[in-house]
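In the text below, chain A, chain B and the rest are named by the order of the sequence lines, each starting its count at 1. Predicted, not measured: the structure shown is a model, and the values here were computed from it.
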Amino acid sequence: MSKVRIKALLQTAGTGQEVVVSGWVRSRRGNKTISFIELNDGSTIHNIQAVADANLFSDEFLKDVSTGACIRVSGNLVASQGSGQAVEIQAKEIHIYGTADPQVYPLQKKGHSLEFLREIAHLRPRTNTFGAVLRVRHHLAYAIHKFFNDKGFFNLHTPIITGSDAEGAGEMFHVTTFDLKNTPRTEDGNIDYSQDFFGKETNLTVSGQLEGELGALALGLIYTFGPTFRAENSNTPRHLAEFWMIEPEMAFHDIEDNMDLAEEMLKYLVAYALEHCAADLEFLNKMYDKELLNRLRSVIDKPFTRITYTEAIEILKTCGKKFEYLADWGKDLQKEHENYLVEHHGGPVIVTGYPKDIKAFYMKQNDDGKTVRAMDILFPWIGEIIGGSQREEDHAKLLKRVEEMHIPQESLWWYLETRKFGTCPHAGFGLGFERLVLFVTGMTNIRDVIPFPRTPKNAEF
RNA sequence: GGGAAAAUAGCUCAGUGGUAGAGCGGUUGCCUGUUAAGCAACAUGUCGGAGGUUCAAUCCCUUCUUUUCCCGCCA
């Protein structure tokens, strides 16, 4: 007897062989003489139907084969007499690994709200929706590694605990072994971090970029793919306190190369998902967003629109649309502005050349003295899915910017040194992994594309 | 961090100043292969917590908690 997963079983052409399948019961229906068990093992969105004859299985036994129960079925794979499926298992033996009392098991056969499922995040992977989302998430993660590996990039593991707080990407979570009720103090009353585990103040990383640059200036092409932590009190469907980010960093790349790579990568990932997650995406398209597949295909088909920040402001000023906030050169683009730009161009838009005062210190300064070589990629509904830039490789210019923006340079000495020793043009960007999964799955809340979301006031599970 | 809405059965929601209802789910029964099966019957409950107004509060008021949405921060 062969022990197989359901995905493989549904693809086998032949019938007649004995098979063993283990999985979770999605539903059971039938009558006194026959029971039909929908079994899912997570390998695919599709279930296999197991048929239990009352001559072999008692009513009393089948009572425990209820929605949510985990069982192993052995029997013959046969052509189905019903119309809903090509093959089914004629059960000879059923072993119950674990029951799920129907009176208290929270998942029903019928649909649940996504809000409710968030409250039972320990069980929601057993639903069609989350099974699909988590499988797509996996394939995208794999595709990212494949994309970069195939291009000769090296995966660099940047630290999760960081001693630098100068990255400026957001509020940070402190890391300490202190007893918070009784922290050591210096003579002037401040917390004495010299007695803490690392002997200095440490935080969870908000970005691996600065360390990524160090790798790029040695290995040439690197990318990071790891957890990232932001202690911002962000209450939106697009923000997480703990999320995964992909940050490639490339030596000898300018802002144009950077855009080319980012666009190629996004298209590769969407195409990969369409090819490898067809069944799951079809399900999501049917259940949540009828335009999903069309939108995914449209992203692959045409080039992303590329405009400068200055052009974007011009478009927003002359479009005639009334905005709540006026678009004005020197100010950040509002959500409503981003939405307009994406709608106006009918797809992803890359905006470059932002005013230097609204961007980070490390971005390459343009000769105009006003703008930097930043790029944001704006996606429909999601907004900023990628943020990146060419980096300032000139030591004097970088140092000047660090001083202007009052960034403590003592903690960045190692970063600044790379511009003293064998500096070179380089560029990189950050892709929010969950925002990518959001776009590909058509989900609308980022809390539904990560197994156990961390958001303000929520760290359950 | 700013703003708005919401919290009633296991779930989705309706509802009323006199302590509550539907659909689904559940339980039981019927039906010889079903497809979110069908038919019938039954049971659902501190109406989010704490105060207050009132003869009486699930309903009105205050406050707290949580959730969702919009904005900001960003990926």
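G10(B) and G3(B) have their C1' atoms separated by 34 Å, given to the nearest Å. Nucleotides C59(B) and U54(B) are separated by 16 Å at their P atoms, to the nearest Å. Across the C1' atoms, A9(B) and U58(B) are found 14 Å apart, a figure rounded to whole Å. Only the P atoms considered, A6(B) is 24 Å distant from G51(B), to the nearest whole Å. Remark: the separation of the C1' atoms in A36(B) and C11(B) is 14 Å, to the nearest Å. With both ends at atom C1', the span from G17(B) to C39(B) equals 41 Å, rounded to whole Å. Nucleotides U35(B) and C47(B) place their P atoms 39 Å apart, quoted to the nearest Å. Comparing the same atom, C1', in A5(B) and in C74(B) gives a spacing of 25 Å after rounding to whole Å.
Comparing L107(A) and W244(A) along RNA chain B, the residue whose closest nucleotide (by nearest heavy atom) sits nearer the 5' end is L107(A). Each of G387(A) and K335(A) lies near RNA chain B, and the nucleotide nearest K335(A) is the one positioned closer to the 5' end.
No more than 12 heavy atoms of other residues, nucleotides or ligands sit less than 6.0 Å from atom NZ of K7(A).
Heavy atoms of L240(A) sit under 4.0 angstrom from at least one base atom. Within 4.0 Å of R447(A), counting heavy atoms only, lie sugar-phosphate atoms of the nucleic acid but no base atom. If you check every strand for non-hydrogen atoms under 4.0 Å, N235(A) touches a base. Among the protein residues, K63(A) comes within range of the sugar-phosphate backbone only, with heavy atoms under 4.0 Å from sugar or phosphate atoms but none that close to a base. The residue G430(A) sits close only to the backbone: its heavy atoms come under 4.0 Å of sugar-phosphate atoms, none of a base. Residue T67(A) is out of contact with every strand shown, counting any heavy-atom pair closer than 4.0 Å. Counting non-hydrogen atoms under 4.0 angstrom, S35(A) reaches nothing in the nucleic acid. Note on E88(A): a base of the nucleic acid sits closer than 4.0 angstrom, heavy atoms only. At the heavy-atom level, T228(A) lies nowhere under 4.0 Å from the strands shown. Residue contacts shown for I34(A) include a base, since a base heavy atom lies under 4.0 Å away. Within 4.0 Å (heavy atoms only), E324(A) reaches no atom of the nucleic acid at all. Counting any heavy atom pair closer than 4.0 Å across all strands shown, R26(A) reaches no nucleic acid atom.
Closest heavy-atom contact between E263(A) and P303(A): OE2-CA, 3.4 Å.
Side-chain proximity of N445(A) to A37(B), A75(B), U68(B): nearest is U68(B). With G72(B), C74(B), U34(B) as the choices, the nucleotide that has an atom nearest any side-chain atom of T236(A) turns out to be G72(B). The listed nucleotides are U35(B), G26(B), A75(B); the one nearest the side chain of R435(A) is A75(B).
In this structure, the side chain of R295(A) does not engage the main chain of G347(A) through any donor-acceptor pair within 3.5 Å. Between the side chain of R5(A) and the backbone N or O of D41(A), at least one donor-acceptor pair lies under 3.5 Å.
Under the Watson-Crick and G-U wobble criteria, each requiring two contacts below 3.5 Å, nucleotide A4(B) is paired to U68(B). Pairing of A56(B), defined by two Watson-Crick or G-U wobble distances under 3.5 Å, is not identified with any nucleotide. Under the Watson-Crick or G-U wobble criterion, with both distances below 3.5 Å, G10(B) is paired with C24(B). Base-pair partner of C73(B): not found among the strands shown (Watson-Crick or G-U wobble, both distances under 3.5 Å). Under the Watson-Crick or G-U wobble criterion, with both distances below 3.5 Å, G51(B) is paired with C61(B).
Between the side chains of S66(A) and Y105(A), no donor-acceptor pair of N or O atoms lies under 3.5 Å.
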Under 4.0 Å protein heavy-atom contact, by nucleotide of nucleotides 8-13 of chain B - B base, S sugar-phosphate only: --BSS-
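For W381(A) and F439(A), the ring centers sit 6.0 Å or farther from each other. You'll find the ring centres of F304(A) and H345(A) outside the 6.0 Å limit.
Ion pairing between K151(A) and E264(A) holds under the 4.0 Å rule for side-chain N and carboxylate O.
Rounded to whole angstrom, the span from the NZ atom of K457(A) across to the C1' atom of C64(B) amounts to 13 Å. Atom pair E384(A):CD and G72(B):C1' shows a separation of 14 Å (rounding to whole Å applied). For the pair Y325(A) OH and C70(B) P, the interatomic distance rounds to 15 Å; values are reported in whole Å. Remark: P of C71(B) and CG of D332(A) are 15 Å apart, rounded to the nearest angstrom.
Rounding to the nearest 0.5 Å places OH of Y354(A) at 5.0 Å from NZ of K359(A).
Ring-base stacking between F243(A) and A75(B) is satisfied, the centre separation being under 5.5 Å and the plane angle under 30°.
Exactly one residue among H253(A), E213(A), R391(A) makes a side-chain hydrogen bond (donor to acceptor under 3.5 Å, both in side chains) with H426(A). That residue is E213(A).
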Working for salt bridge (charged side-chain N to carboxylate O under 4.0 Å, His left out), residues E392(A) and K356(A): CA-CA 12 Å; E392(A) 182 54 76; K356(A) 65 176 182 184; over 6 Å; no
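Residue N31(A) places at least one side-chain N or O under 4.0 Å from the OP1 or OP2 atom of G33(B).
Remark: the R238(A) side chain and the A75(B) base include no donor-acceptor N/O pair separated by less than 3.5 Å. At a cut-off of 3.5 angstrom, the base of C74(B) holds no donor-acceptor pair with the side chain of S234(A).
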